[in-house]
Amino acid sequence: MPRRRPVEPRRVIFVGVEGKNDRAFARFLQFCCDSEGLHLHLKVKTANGGDSLAVVKEAVRHMTRRLDRRDISHNLVLLDRDRHPQDVKARRDAQAVASKSKLEIIFQNPNLEGLLLRLHPGHESRGIAAGDSMPELRKIWLEYSKSSLTAEQMNQRFTVSDLRRAARYDQGLRRLLDILGL
């Protein structure tokens with residue numbers, strides 16, 4: 001009987017996220033990685049809300065609970081950029097806590113809805129205020145619901161090409177795609 005080649009272990013990337021919609025986005029990224037044949041697994045952990053510092057602390061807690069962290073190649077947390085200035089002003093420095101724990105923050109600009117808006121063709125370079133991102137997104141994605149977004153819905157609506165096109169105008173998204181190998 002011929003010997004099978006050993007299966008190469010998947011590269012694991014830890015991704016801490018704020019809530020359900022951010023988790024759906026991370027799972028959509030997993031779909032994209034799979035469709036591109038990338039041999040990696042996104043280990044997504046949700047913080048269930050809170051300010052940026054609370055989300056980072058919860059991500060750190062998940063990271064440190066894991067006994068064998070050697071198989072994780074990168075530690076990330078996705079945060080909405082619009083919350084960052086008020087967190088810093090209130091002396092809740094998520095960046096300092098993340099740096100100490102070797103956790104890289106990837107900012108969604110200005111928030112997840114703004115990022116989803118820019119994934120639509122023709123909107124990739126659009127700058128938008130955080131408060132306007134939800135109504136503007138609903139104008140072009142009528143079915144969008146903040147409370148029930150799924151990775152499957154994003155996978156049906158967007159492609160890797162949409163991510164790459166938007167990343168040309170978004171430094172955080174570009175960094176995220178570089179880490180994933182997309």
Side-chain angles (χ1 to χ4, degrees), residues 7-116 118-119 130 149-151 154-155 158 160 162-164 166-182:
V7 176
E8 179 186 340
R10 287 180 173 242
R11 185 169 62 108
V12 178
I13 296 175
F14 173 84
V15 183
V17 297
E18 177 188 347
K20 182 181 171 191
N21 284 0
D22 300 291
R23 182 181 67 219
F25 178 67
R27 288 188 175 156
F28 164 66
L29 291 172
Q30 180 70 65
F31 286 148
C32 292
C33 292
D34 293 345
S35 75
E36 292 292 303
L38 299 177
H39 201 62
L40 68 88
H41 171 70
L42 301 181
K43 183 173 184 62
V44 181
K45 292 297 179 183
T46 307
N48 296 319
D51 62 46
S52 299
L53 182 58
V55 173
V56 167
K57 284 182 175 180
E58 184 66 12
V60 169
R61 189 180 71 74
H62 279 297
M63 285 169 37
T64 55
R65 272 191 2 202
R66 184 164 172 82
L67 297 175
D68 185 10
R69 296 187 330 172
R70 290 175 292 167
D71 62 339
I72 297 184
S73 67
H74 218 97
N75 296 304
L76 306 173
V77 66
L78 303 179
L79 296 175
D80 291 344
R81 181 171 292 286
D82 63 328
R83 297 176 106 180
H84 185 67
Q86 53 202 57
D87 289 343
V88 169
K89 192 174 183 179
R91 298 181 186 262
R92 294 186 308 264
D93 190 359
Q95 189 69 53
V97 173
S99 294
K100 286 180 190 173
S101 301
K102 296 182 173 76
L103 179 66
E104 183 174 351
I105 294 175
I106 301 290
F107 285 109
Q108 300 170 125
N109 195 17
N111 51 31
L112 179 62
E113 287 73 25
L115 173 59
L116 294 175
R118 288 192 321 281
L119 291 181
L149 182 65
T150 67
M154 282 187 264
N155 198 39
F158 304 118
V160 175
D162 296 321
L163 287 167
R164 290 178 180 146
R168 285 186 248 152
Y169 303 93
D170 184 328
Q171 181 180 354
L173 181 58
R174 185 171 42 250
R175 175 69 181 137
L176 178 59
L177 297 185
D178 285 346
I179 291 167
L180 298 178
L182 290 172

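These values consider heavy atoms only, across backbone and side chains, with no hydrogens, waters or symmetry-generated copies.
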- Keeping the roles fixed (side chain from Ser101, backbone from Ala98), state whether a donor-acceptor pair exists under 3.5 Å. no

- Query: Do Gln108 and Glu18 have side-chain heavy atoms sitting under 4.5 Å apart?
  - Reply: no

- Task: Using side-chain contact (heavy atoms from CB on, under 4.5 Å) as the criterion, point out the one residue from Val56, Asp22, Leu53 that pairs with Leu79.
- Result: Val56

- Taking all heavy atoms of Val160 and all of Ser35, pick out the closest pair and write down the distance. CG2-OG, 3.9 Å

- Shortest non-hydrogen contact between Val17 and Ala26, atoms and distance: CG1-CB, 4.5 Å

- Query: Rounded to the nearest 0.5 Å, what separation is found between the CG atom of Asn111 and the CG atom of Leu78?
  - Reply: 13.0 Å

- Are side-chain heavy atoms of Leu116 and Phe158 found at a separation under 4.5 Å? yes

- Message: Give me the atom names and distance for the closest heavy-atom approach of Ser73 to Ile13.
- Response: OG-CG1, 3.7 Å

- Item | Where Phe28 and Ala151 come nearest, the two heavy atoms and their spacing | N-CB, 3.6 Å

- Query: Does a side-chain heavy-atom distance below 4.5 Å link Arg174 with Leu177?
  - Reply: no

- Message: Just to verify, what does Glu104 make a side-chain hydrogen bond (donor to acceptor under 3.5 Å, both in side chains) with, not counting sequence neighbours?
- Response: His74, Arg175

- Under the ring pair (Phe, Tyr, Trp, His ring centres under 6.0 Å) test, residues paired with Phe107 that sit two or more places apart: His84

- pair Asp51-Gln86: side-chain heavy atoms closer than 4.5 Å: no

- Query: Yes or no on side chain to side chain contact (heavy atoms under 4.5 Å, CB included) for Glu58 and Val77, after CA distance, side-chain angles and deciding distance?
  - Reply: CA-CA 10 Å; Glu58 184 66 12; Val77 66; over 6 Å; no

- Note on the structure: Note: Leu38 and Leu180 closest approach over all heavy atoms is CD1-O, 3.3 Å

- Spell out, as yes or no, whether a donor-acceptor pair under 3.5 Å connects the side chain of Asp80 to the backbone of Asp82. no

- Query: Looking at NE2 of His62 and CG of Asn75, how far apart are the two atoms once the value is rounded to the nearest 0.5 Å?
  - Reply: 13.0 Å

- Task: Indicate the atoms forming the closest heavy-atom contact of Ala166 with Leu119, along with that distance.
- Result: CB-CD2, 3.8 Å

- Item | Under 3.5 Å: donor-acceptor pair, side chain of Asp87, backbone of Ser52 | yes

- Query: Given the rule in the side chain to side chain contact (heavy atoms under 4.5 Å, CB included) test, do Leu29 and Val15 qualify, once you have shown the distances and angles that lead to the verdict?
  - Reply: CA-CA 11 Å; Leu29 291 172; Val15 183; over 6 Å; no

- Task: Could you go through the side chain to side chain contact (heavy atoms under 4.5 Å, CB included) check for Leu149 and Lys20 one step at a time?
- Result: CA-CA 8 Å; Leu149 182 65; Lys20 182 181 171 191; over 6 Å; no

- Does the Arg27 side chain pair with the main chain of Val44, one donor and one acceptor, at a distance under 3.5 Å? no

- Working to the nearest 0.5 Å, report the span between CD of Gln95 and CG of Leu103. 9.0 Å

- List for me each residue that meets side-chain contact (heavy atoms from CB on, under 4.5 Å) alongside Gln30, sequence neighbours excluded, and say none if there are none. Arg10, Cys33, Asp34, His41, Leu42

- Query: Quick one: does Arg118's side chain get under 4.5 Å of Asn109's, heavy atoms only?
  - Reply: yes

